[in-house]
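FYI, side chains are in, hydrogens and waters are out, and symmetry mates aren't considered; it's all heavy atoms of this structure. We count residues from 1, following the sequence as given.
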Amino acid sequence: MRSLPMQAFAALLDSLIYTRGRNAKLKLIVDYLHATPDPDRGWAMAALTGDLDLPGVKPAQIRALIEARVDPVLFRMSRDYVGDTAETVALLWPAPVVPPPDAGPLSITAAVDALRHLSRSDAPAVLAGMLDRLDAEERFALLKMATGGLRIGVSARLAKTALAQAFGLDVDAVEEVWHGLSPPYASLFAWAEGTGEQPTPADVPVFRPFMLAHGLEDAQVDLADYAAERKWDGIRVQIVHVAGQTRLYSRTGDDVTGSFPDVAAAFTTPGTVDGELLVKGEFQGGALDDGGGAASFNALQQRLGRKQVSAKMLADYPAFVRLYDILFDGPEDLRELPWHARRERLEAFVPRLDPDRFDLSQVIAADSFTELEAIRAGARDAAIEGVMLKRRDSPYVGGRRAGLWYKWKRDPLTADCVMMYAQRGNGRRSSYYSDYTFGCWTEEGELLPVGKAYSGITDEELRMLDSFVRRHTVKRFGPVREVEKTLVLEIAFDSIHTSTRHKSGVAMRFPRIARIRTDKPAAEADQVETLRRLVT
């Protein structure tokens, strides 16, 4: 079949941006997949799910291209107003002095094929030639594809759900094979249309979607039906060993094997397990006499995101995994088994592993929910995140399923901070100053930044804060405004750590706005020293 022009994908993105309902978004994607031939729809799915990689195209190159064609000051001011680089460039891109030769409509496939194998030095000229051929909507679609991060209100899961609905497939079956395939997913669409066999991840160490938990909120559960474990403060990983290959995956499916080669090298038993990646130390859980041996999250952070890990780093921050579930024992798929049966298999599996790199997260012995409440109340003193509750008869299923797993996190810490700076948001918040940097006072009376937050507020509160920023701006730095230091925000956060990025020397983990304290004078906000005493 002949490829459709970029215009069809541009129309899809435009419709998705202005459509709010989940079902309406699903229908838009379903209709597009039915109307679009291979391989265009495969590349479109790669863009929607964040799996399209065009390494030769970088945001800095796009900024350089537009600033060579329009006044750089005009571009930066426009970018500040619009809140999105791709949209700003698409709207400002001038018509070429010499019209390009008529090459016909540009398809997604032609664009991807032209860009994905280019070097960083060659890609800008080719991209500019494409932009010269397109209208504003098509330029926006091309730039969004090229740079990733569509920000159109569609998650990877939603896009895969749409694909499943379009062809009458089970979305979990799609998820099962997705990470073993590469764009434009020819075998996947052949299976979907009944012209090919179902792809299989056999002999490939692929990622399987994690089972996730709902927050417990104020509910209670019967411990006869649920098992409890401690919620450790690391990062969740899936470890897969198949056909002599080992891979570590993060919760989002990113391959983090290169950052933790010591863990990967130690996992040589065929199977797939789920657990918490930690660094050795004597911080978490030690007071509870339950494993312990784990350092703070701050220690683990020293190794996160590193493509190359030095011998010193390996020695100073030795990693290990505290396991709490098993998906595969060798080639045997255990996910349909109830939790209690998988737990028995995990307890038999762990002794086959290197004890220096792997241990077992223990089940909490609590006779009643009241007793468990007391344990959870001591979570902060024990430096753990809280408690997990898992239904004893629950299978291992991807995503969040009501009633199966719950997370019962420790209560957050709070601090009263003063707004210092504000920046425009992205997506539907691009017209508002919605990202706020806030600070606390030193003993000498200087206000130093301690964090940044954009969540926790209602739409009405967002409008109120945006109005405050506009009326109390004292300086402008591109898209950032400095404001009068008069507004206090109560910030809730999970923990606080030392930081070299902030002059204050501290940074909050998972900060969010709990309240807008118009009743409190800025001079009465908290001091940095108060936060330093909370460092973990």
Side-chain angles (χ1 to χ4, degrees), residues 17-18 20 76-88 149-153 155 215 409 411-442 445-497 499 501-504 506-528 530-531 534:
I17 289 170
Y18 292 104
R20 299 296 295 271
R76 292 167 193 165
M77 292 177 65
S78 300
R79 169 61 180 82
D80 179 25
Y81 182 80
V82 173
D84 183 273
T85 298
E87 185 175 359
T88 307
L150 296 184
R151 292 183 181 271
I152 55 172
S155 66
K409 297 184 72 171
D411 292 331
L413 298 168
T414 61
D416 288 333
C417 306
V418 181
M419 185 192 293
M420 301 177 68
Y421 306 98
Q423 185 172 353
R424 285 182 182 272
N426 288 284
R428 72 183 187 91
R429 288 189 166 191
S430 61
S431 297
Y432 296 96
Y433 286 93
S434 62
D435 297 12
Y436 312 108
T437 298
F438 43 83
C440 291
W441 300 103
T442 66
E446 183 182 4
L447 191 62
L448 298 181
V450 296
K452 183 177 181 179
Y454 52 84
S455 63
I457 53 176
T458 65
D459 288 347
E460 182 179 351
E461 289 171 328
L462 170 62
R463 289 190 288 270
M464 188 273 273
L465 290 176
D466 177 76
S467 176
F468 172 85
V469 171
R470 295 175 188 275
R471 289 184 291 107
H472 295 84
T473 296
V474 295
K475 290 181 183 178
R476 301 188 185 200
F477 307 92
V480 178
R481 292 194 182 195
E482 182 180 355
V483 298
E484 294 175 1
K485 313 306 186 294
T486 57
L487 183 63
V488 176
L489 303 175
E490 181 181 314
I491 303 298
F493 56 97
D494 189 67
S495 57
I496 195 158
H497 307 284
S499 170
R501 295 178 60 190
H502 293 147
K503 187 178 178 181
S504 63
V506 296
M508 296 172 174
R509 188 172 179 217
F510 301 138
R512 56 270 191 201
I513 300 168
R515 279 196 298 165
I516 302 171
R517 297 294 307 271
T518 54
D519 61 315
K520 190 165 191 174
E524 295 180 12
D526 283 313
Q527 292 194 340
V528 173
T530 302
L531 299 184
L534 300 174

**Q** Might you confirm whether atom CZ of R476 has over 12 heavy atoms from other residues, nucleotides or ligands at distances under 6.0 Å?
**A** no
**Q** Is there side-chain contact between I457 and Y436, with heavy atoms separated by less than 4.5 Å?
**A** yes
**Q** How close do P412 and R512 get, heavy atom to heavy atom, and via which atoms?
**A** CB-NH2, 3.6 Å
**Q** Where do S455 and P511 come nearest, in terms of heavy atoms and distance?
**A** OG-O, 4.1 Å
**Q** Would you give the length of the straight line joining atom NZ of K485 to atom CG of L447, rounded to the nearest 0.5 angstrom?
**A** 7.0 Å
**Q** Is the shortest distance from a Lys or Arg side-chain nitrogen in E446 or K503 to a carboxylate oxygen in the other one below 4.0 Å?
**A** yes
**Q** Please check this pair: side chain of E524 against backbone of P521, looking for a donor-acceptor N/O pair closer than 3.5 Å.
**A** no
**Q** Is there a salt bridge (charged side-chain N to carboxylate O under 4.0 Å, His left out) between D459 and R463? Walk through the geometry before answering.
**A** CA-CA 6 Å; D459 288 347; R463 289 190 288 270; 5.2 Å; no
**Q** Who passes side chain to side chain contact (heavy atoms under 4.5 Å, CB included) against R509, sequence neighbours left out?
**A** D233, F297, E385, D494, S495, H497
**Q** Find the distance between OH (Y421) and OG1 (T437) and round it off to the nearest 0.5 Å.
**A** 8.0 Å
**Q** Atom CG in D435, atom CG in L465: separation rounded to 0.5 Å?
**A** 11.5 Å
**Q** Identify the heavy atoms of V450 and S504 that sit nearest to each other, and give their distance.
**A** CG1-OG, 3.7 Å
**Q** Taking the side chain as everything from C-beta on, heavy atoms only, tell me whether I491 gets closer than 4.5 Å to T414.
**A** no
**Q** If you apply the rule side-chain contact (heavy atoms from CB on, under 4.5 Å), what do you find for K452 with Q423, and how did you get there?
**A** CA-CA 10 Å; K452 183 177 181 179; Q423 185 172 353; 3.4 Å; yes
**Q** Got a sec: does the CE of M464 have more than 12 other heavy atoms crowding it under 6.0 Å?
**A** yes
**Q** Distance check, rounded to the nearest 0.5 Å: M508 atom CE versus I496 atom CD1?
**A** 5.0 Å
**Q** Can you tell me how far the CD1 atom of I516 sits from the CE atom of M419, to the nearest 0.5 Å?
**A** 7.5 Å
**Q** To the nearest 0.5 Å, what is the distance between CG on D526 and SG on C417?
**A** 6.5 Å
**Q** Count the heavy atoms belonging to other residues, nucleotides or ligands that lie under 6.0 Å from CZ of F493, then report whether that count exceeds 12.
**A** yes
**Q** How close do R470 and D466 get, counting heavy atoms only, and between which atoms?
**A** NE-OD2, 2.8 Å
**Q** I'd like to check the ring pair (Phe, Tyr, Trp, His ring centres under 6.0 Å) partners of F468; sequence neighbours left out, ordered by chain and number.
**A** H472
**Q** On a heavy-atom basis, which atom in S499 and which in A507 lie closest, and how many Å separate them?
**A** CB-CB, 3.6 Å
**Q** Would a 4.5 Å heavy-atom cut-off, applied to side chains only, mark T530 and C440 as touching?
**A** no
**Q** Give the minimum heavy-atom separation between L531 and A415, together with the two atoms involved.
**A** CD2-CB, 3.8 Å
**Q** How about W441 and V418: do any of their side-chain heavy atoms sit closer than 4.5 Å?
**A** yes
**Q** Just checking Y18: does its OH atom have more than 12 heavy atoms from other residues, nucleotides or ligands closer to it than 6.0 angstrom?
**A** no
